[in-house]
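Below, each value reflects all heavy atoms present in this structure, side chains not excepted, and no hydrogens, waters or symmetry copies.
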Amino acid sequence: MKAPQTVDLGCNRDIVAGCPMTGPRSNRLISALPEATYQEWLPDLEAIDMPVGDVLCDSGCAPSHVYFPTTSIVALLHILECGASLAVAVVGSEGIVGVSAFMGGHSTPSLAVVQTAGRGFRMLATRVSQAFEQGGAVTKLLLRYTQALMTQIAQSAPCNRHHDLDQRLCCFLLSSLDRLPAHELRMTQDLIAKMLGVRREGITEAALNLRAAGLIQYARGHISVLDRPGLERRTCECYALVKNEYDRLLPDLTAR
């Protein structure tokens, strides 16, 4: 079996060993499926480890599988010829990685790279595409999710252009926390810098500012949020805009 392609994000890829095993319904999109569809999909959902840096969908390639993270986070990452990178969206337990498989485009210019190690499930892309083409509740659910994802991607452009690094770091931390079952993040400054497309020194200064304000505690790649309301007050409007759009378009997910 061919080893998965990886991107060096400056993190320990063995961290997955400490993650708890979870069931398919730990992914909220799967949980929102009609019961009949869930039972049909269940035999085809393969539990997998998702170490940091694994490339799930390569740029310009049609994905063979779609992925449903449960305790991991996947970044949709653009890498330029000069080597610079920038994450335009993140997907966690609320969603699915590989929307091009059922939207008809077959590929995207972004990489889907595991940002936070954990576990999830995968299924053949053709299986999801067939369910999408049948119409009905599954199609509507996947379309609403795709619109929410498009909002997140679109909002990344004005955020990167007009908001300072402190605000963007707050938005990144809050968005990551929303997709994990804990109040702690495990990621290095190198990884955050690559996600936000900035120099590591900038992340160091911004993290020190947040720590000095009593909002986070940071040590050896572990970020603990001490004051989430304070973090929300300090972030830019992009966080609430994107979160509200997910809540509006995917009420089934937020209710469950």
Checklist entry - With a 4.5 Å heavy-atom cut-off, do Arg179 and Glu94 have their side chains touching? => result yes
Checklist outcome for this item: In short, Asn27 meets Pro69 closest at the heavy-atom pair ND2-O, 2.9 Å
Checklist entry - Mind checking what makes side-chain contact (heavy atoms from CB on, under 4.5 Å) contact with Arg228, not counting sequence neighbours? => result Leu174, Leu177, Asp178, Val225, Glu232, Tyr239
Item to check | Side-chain heavy atoms of Arg248 within contact of Gln147, under 4.5 Å | outcome: yes
Item to check | Distance, nearest 0.5 Å, that separates CD of Gln115 from CD1 of Ile192 | outcome: 8.5 Å
Checklist entry - Under 4.5 Å between any side-chain heavy atoms of Leu56 and Val113, yes or no? => result no
Checklist entry - Is any side-chain heavy atom of Trp41 less than 4.5 Å from a side-chain heavy atom of Leu33? => result yes
Checklist entry - Are Leu86 and Val198 grouped together when hydrophobic residues (ILVMFWY) are joined by side-chain heavy atoms under 4.5 angstrom apart? => result no
Item to check | Pair Gln134, Gln130: side-chain N/O donor-acceptor within cut-off below 3.5 Å | outcome: no
Checklist entry - Can you tell me how far CG of Asp58 sits from OG of Ser110, rounded to the nearest 0.5 angstrom? => result 10.0 Å
Checklist entry - When rounded to the nearest 0.5 angstrom, what is the spacing between CD in Gln167 and SG in Cys236? => result 5.5 Å
Checklist entry - Is there a chain of hydrophobic side chains (I, L, V, M, F, W, Y, each step under 4.5 Å between heavy atoms) that links Met103 to Val88? => result yes
Checklist entry - Rounded to the nearest 0.5 Å, how far does CD of Gln217 lie from CD1 of Ile223? => result 11.0 Å
Checklist outcome for this item: The single option from Leu231, Ile216, Leu165 that satisfies side chain to side chain contact (heavy atoms under 4.5 Å, CB included) with Cys170 is Leu231
Next on the checklist: What's the separation between atom CG in Asn160 and atom CG in Leu196, rounded to the nearest 0.5 Å?
Outcome noted: 7.5 Å
Checklist entry - Closest approach of Thr235 and Cys171, non-hydrogen atoms and distance? => result OG1-N, 3.2 Å
Checklist entry - Which residues satisfy the side-chain hydrogen bond (donor to acceptor under 3.5 Å, both in side chains) test with Glu184, sequence neighbours excluded? => result Ser224
Checklist entry - Does the distance from a Lys or Arg side-chain N to an Asp or Glu carboxylate O, for Asp247 and Lys243, drop under 4.0 Å? => result yes
Item to check | Derivation of the salt bridge (charged side-chain N to carboxylate O under 4.0 Å, His left out) call for Asp190 and Lys194 | outcome: CA-CA 6 Å; Asp190 282 341; Lys194 288 177 179 177; over 6 Å; no
Checklist entry - Taking the six-membered ring of Phe68, is the NZ or CZ of Arg122 close enough (under 6.0 Å from the centre) and on axis enough (within 45°)? => result no
Next on the checklist: Hydrophobic clusters here meaning ILVMFWY residues chained together by side-chain heavy-atom distances under 4.5 Å, can you tell me if Ile203 and Leu208 are in one?
Outcome noted: no
Next on the checklist: Applying a strict under-4.5 Å side-chain criterion to I, L, V, M, F, W and Y, I'd like to know whether Leu45 and Leu141 cluster together.
Outcome noted: yes
Checklist entry - Atom OG in Ser72, atom CZ in Arg119: separation rounded to 0.5 Å? => result 10.0 Å
Item to check | Main-chain N/O of Leu249 paired with Arg144 side-chain donor or acceptor, under 3.5 Å | outcome: yes
Item to check | Side chain to side chain, Glu237 and His163, heavy atoms closer than 4.5 Å | outcome: yes
Checklist entry - Considering all heavy atoms of both residues, which atom of Val97 and which atom of Ala112 are nearest to each other, and what is their separation? => result CG1-CB, 3.6 Å
Checklist entry - Regarding Thr22 and Thr70, is there a side-chain donor-to-acceptor distance under 3.5 Å anywhere? => result yes
Next on the checklist: Would you call the rings of Phe102 and Phe132 parallel, tilted or perpendicular, taking 30° and 60° as the class edges?
Outcome noted: tilted
Item to check | Worked check of side chain to side chain contact (heavy atoms under 4.5 Å, CB included) between Leu76 and Val90 | outcome: CA-CA 6 Å; Leu76 304 185; Val90 290; over 6 Å; no
Next on the checklist: Taking the side chain as everything from C-beta on, heavy atoms only, tell me whether Leu215 gets closer than 4.5 Å to Leu173.
Outcome noted: no
Next on the checklist: For a quick check under 3.5 Å, do Arg186 and His222 share a side-chain donor-acceptor pair by atom type?
Outcome noted: yes
Checklist entry - Can you name the closest pair of heavy atoms from Gly98 and Val66 and give their distance? => result O-CG1, 3.6 Å
Checklist entry - What are the two closest heavy atoms between Gln155 and Cys238, and how far apart are they? => result NE2-SG, 3.3 Å
Item to check | In one Ile/Leu/Val/Met/Phe/Trp/Tyr side-chain cluster, 4.5 Å: Tyr38, Met123 | outcome: yes
Item to check | Derivation and outcome, side chain to side chain contact (heavy atoms under 4.5 Å, CB included), residues His78 and Ser85 | outcome: CA-CA 6 Å; His78 280 259; Ser85 61; over 6 Å; no
Checklist outcome for this item: In terms of heavy-atom contacts, Tyr145 and Gly95 come closest through CE1-CA, 3.5 Å
Item to check | Working for side chain to side chain contact (heavy atoms under 4.5 Å, CB included), residues Phe172 and Met195 | outcome: CA-CA 9 Å; Phe172 175 79; Met195 293 296 109; 3.8 Å; yes
Checklist entry - Do Leu185 and Thr116 come within less than 4.5 Å of each other through their side chains, counting heavy atoms only? => result no
Checklist entry - Donor-acceptor pair, Ser129 side chain versus Ala125 backbone, under 3.5 Å? => result no
Checklist entry - Between Glu133 and Arg127, does a salt bridge (charged side-chain N to carboxylate O under 4.0 Å, His left out) hold up when you go through it step by step? => result CA-CA 10 Å; Glu133 291 173 358; Arg127 187 77 174 82; over 6 Å; no
Next on the checklist: Would you say that Leu149 contacts Tyr246 through its side chain, given a criterion of any heavy-atom pair below 4.5 Å between the two side chains?
Outcome noted: yes
Checklist entry - Do Gln189 and Thr204 meet the criterion of a side-chain donor-acceptor pair at a distance under 3.5 Å? => result yes
Next on the checklist: For a side chain to side chain contact (heavy atoms under 4.5 Å, CB included) check, start with the C-alpha distance between Ile48 and Tyr67, then their side-chain angles and the critical distance, and finish with the verdict.
Outcome noted: CA-CA 9 Å; Ile48 58 169; Tyr67 298 82; 3.6 Å; yes
